[in-house]
Amino acid sequence: MAEKITPRSTNYSDWYIDIVTQAKLADYSPVKGSMVIRPRGYALWEKIQGTLDKMFKDTGHTNAYFPLLIPESFLHKEAEHVEGFAPELAVVTHGGGAKLDEPLVIRPTSETIIWSMYKKWIQSYRDLPLLINQWANVVRWEKRTRLFLRTTEFLWQEGHTAHGSSEEAVEETLRMLEVYRTFAEEYMAMPVLTGVKSESEKFAGAVNTYAIEALMQDKRALQAGTSHFLGQNFAKAFDVTFQTKDGTLDHVWATSWGVSTRLIGALIMAHSDDNGLVLPPKLAPTQAVIVPIFKTQNKAEVLTYADGIYQALRQELGTDFNRVVLDDDDSNSPGWKFAEWEMVGVPVRIELGPRDMENQKAVLVRRDTREKEIVEVSQVPKRVRELLEDIQTNLYNRALEFRKANTFEANSYEEFREFFAGDGGGGFVLAPWSGDAKAEARVKEETKATIRVLPFGNEEKAQGRTCIFTGEPAKFMAIFAKAY
RNA sequence: CGGGAUGUAGCGCAGUGGCUAGCGCGCCUCGUUCGGGACGAGGAGGCCGCGGGUUCGACUCCCGCCAUCCCGACCA
């Protein structure tokens, strides 16, 4: 008997950890708060990377790589930036056996090193826009960590762009937010809310932070991606100027945007169940697995039959390594394999036994609903493809339904508190808010709920309404949630 | 940084001031099985977290340390 996953309803946190470890996505490393991303987890990251990278290239960005180590003084150049990151910096003080003249910080993000270089590369409006992305690791010394969601070291991409005007930079910020939204919804099958962050939640050094926010199955929100309009803050801190068409000198306008391996955590918490991981087909490294069912006497025949279907499926779905898997290992029983492949989240399973062989059929099982169906062998490739598409949309719709069922509007603070009361409380709660940061802090203190985003167009909707926290006229309709 | 818990075989755990430290799962070999986590037989695998103390004798009692996990305040 293999180990079982803690049921989601028993302990959500244990359930999550069980999925990560038992689906072999990651393992704890010897260093507190850091993890090893195992092949199955990394394959997922590679799918995410591959898709996003293409989307970045399609919007005009190129990749580069900036170094891990940053002179400590660089961090100090932008006041809010250093204040925001100081508590979570890892600092290198020695190198080559000697104490360094100036300590080096391990990047918590790369704005400073990048802008120090942009200063050298940008002189004229002809050098703009400069649109660079990098895939990298970063280190943030977190007090409390959680596999994939928050680890000391994590992988991400960070885009850093420079523009000749504020409007253009804002446009870029929103364009990349939209890229993230598209990716989350169309590939991860995870509906997200978009909007701007409140002052207290924005990135250290940004003028505005925009985010995509998703609702997890435990009714808590997860920030899945951010896009920042940095104004001229970094350009001024690093003195990055350019000559305009009419010969004047101006500081450039900046953006930065990123998503991280946290997306894997989001993926798990958005779709998975008590049988293990559930992956959207578009991101599943393995889309289909064939489990042949044979006895020693008929092993050869069944495997021949299975191989025919395997080849046909490879033709249909692609020949990438492990895209389709034929599990002909005879050291485990079919039942064991069913459970195992469900654990790792393969979207479609094809069961092939002597009975199917005799009737020229195949049993197809979809991971999202675990429904079985029997089809003609010739129909397998076509039907599997249909199922993959259907699973992709079903996962999205299911997540969207869940979000709808857990999105509320509060007309009074009493009502607001009710939504977040108790262990089962949560979800997205829309409420009119005056914009007062002290009220925001008090609400967090009292309910644990924070403002996730101020949705686009919310200011018009807030017109004429009263802030439920202060009684003042509302400026915004804010989305609150308990967050990861 | 506070609170809680745990360190014994790869994983999950049990254990007694004493003699050869156990159980389940996993692993290896052989055989029988194989349509929802099969079964039998045999086998490999241990600085009982680290350091000190008490004792004739410590995995066990005492002190200290370290580490990890979980829960809260800070954060993609």
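Chain identifiers are assigned alphabetically (A, B, ...) following the order of the sequence lines, protein sequences preceding nucleic acid strands; residue numbering begins at 1 within each chain.
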(request) Tell me whether A/Trp336 is stacked on the nucleobase of B/G36, counting only the six-membered base ring and applying the 5.5 Å and 30° thresholds. (result) no
(message) What is the separation between atom NZ on A/Lys143 and atom P on B/C74, rounded to the nearest whole Å?
(response) 12 Å
(message) For A/Leu147 and A/Glu153, find the nucleotide of RNA chain B closest to each by heavy atoms; which residue's nucleotide sits nearer the 5' end?
(response) A/Leu147
(message) Which nucleotide, if any, forms a Watson-Crick or G-U wobble pair with B/U16, using both distances under 3.5 Å?
(response) none
(request) Using only heavy-atom distances, determine whether the side chains of A/Thr450 and A/Arg452 contain a donor-acceptor pair under 3.5 Å. (result) yes
(message) If you compare every side-chain N and O of A/Arg144 against the phosphate oxygens of B/C74 (OP1, OP2), does one of them come in below 4.0 Å?
(response) no
(message) Let me confirm one number: the CZ-CE distance from A/Phe183 to A/Met55, rounded to the nearest 0.5 Å.
(response) 7.5 Å
(request) Kindly confirm or rule out a cation-pi arrangement of A/Lys372 over A/Phe338, judged by NZ or CZ under 6.0 Å from the six-membered ring centre and within 45° of its axis? (result) yes
(request) For B/U60 versus B/C19, give the span between their C1' atoms, rounded off to a whole number of Å. (result) 15 Å
(request) Give a yes or no on whether a donor-acceptor pair under 3.5 Å exists between the nucleobase atoms of B/G37, that is its base, and the side chain of A/Asn332. (result) no
(request) Could you work out the separation of B/A38 and B/G12 based on their P atoms and round it to a whole Å? (result) 22 Å
(request) Determine the interatomic distance between C1' on B/G15 and the same-named atom on B/C23; round to the nearest Å. (result) 10 Å
(message) Side-chain N or O of A/Lys444 versus OP1/OP2 of B/C74: is the shortest distance under 4.0 Å?
(response) yes
(message) Just N and O in the side chain of A/Lys337: are any of them under 4.0 Å from OP1 or OP2 of B/G35?
(response) no
(message) I need the CG-P distance between A/Asp329 and B/C27, as an integer number of Å.
(response) 10 Å
(message) Please give the distance between the P atoms of B/C61 and B/G3 as a whole number of Å.
(response) 24 Å
(message) Is the phosphate of B/C34 approached by A/Lys295 (side-chain N or O, under 4.0 Å from OP1 or OP2)?
(response) yes
(message) For the P atoms, the ones on B/U29 and on B/U68, what distance do you get once it is rounded to whole angstrom?
(response) 36 Å
(request) Look at the side-chain N and O atoms of A/Ser260 and state whether any lies under 4.0 Å from the OP1 or OP2 oxygen of B/A76. (result) no
(request) Could you measure between the two C1' atoms, the one in B/G36 and the one in B/C1, and give it in whole Å? (result) 48 Å
(request) Look at the side-chain N and O atoms of A/Thr109 and state whether any lies under 4.0 Å from the OP1 or OP2 oxygen of B/A76. (result) no
(message) Once hydrogens and angles are ignored, does a donor-acceptor distance under 3.5 Å link the base of B/C71 to the side chain of A/Ser13?
(response) no
(request) Indicate yes or no: at least one non-hydrogen side-chain atom of A/Arg140 is less than 4.5 angstrom from one of A/Thr109. (result) yes
(request) Using only heavy-atom distances, determine whether the side chains of A/Ser13 and A/Arg146 contain a donor-acceptor pair under 3.5 Å. (result) yes
(message) Counting the benzene-type ring for Trp, do A/Tyr16 and A/Phe148 have ring centres under 6.0 Å apart?
(response) no
(message) At less than 4.0 Å, is any side-chain N or O atom of A/Tyr28 found next to OP1 or OP2 of B/C70? Yes or no.
(response) yes
(request) In whole angstrom, give me the gap between the C1' atoms of B/G31 and B/G18. (result) 43 Å
(message) Work out how far the P atom of B/C59 is from that of B/U8, and round it to whole angstrom.
(response) 15 Å
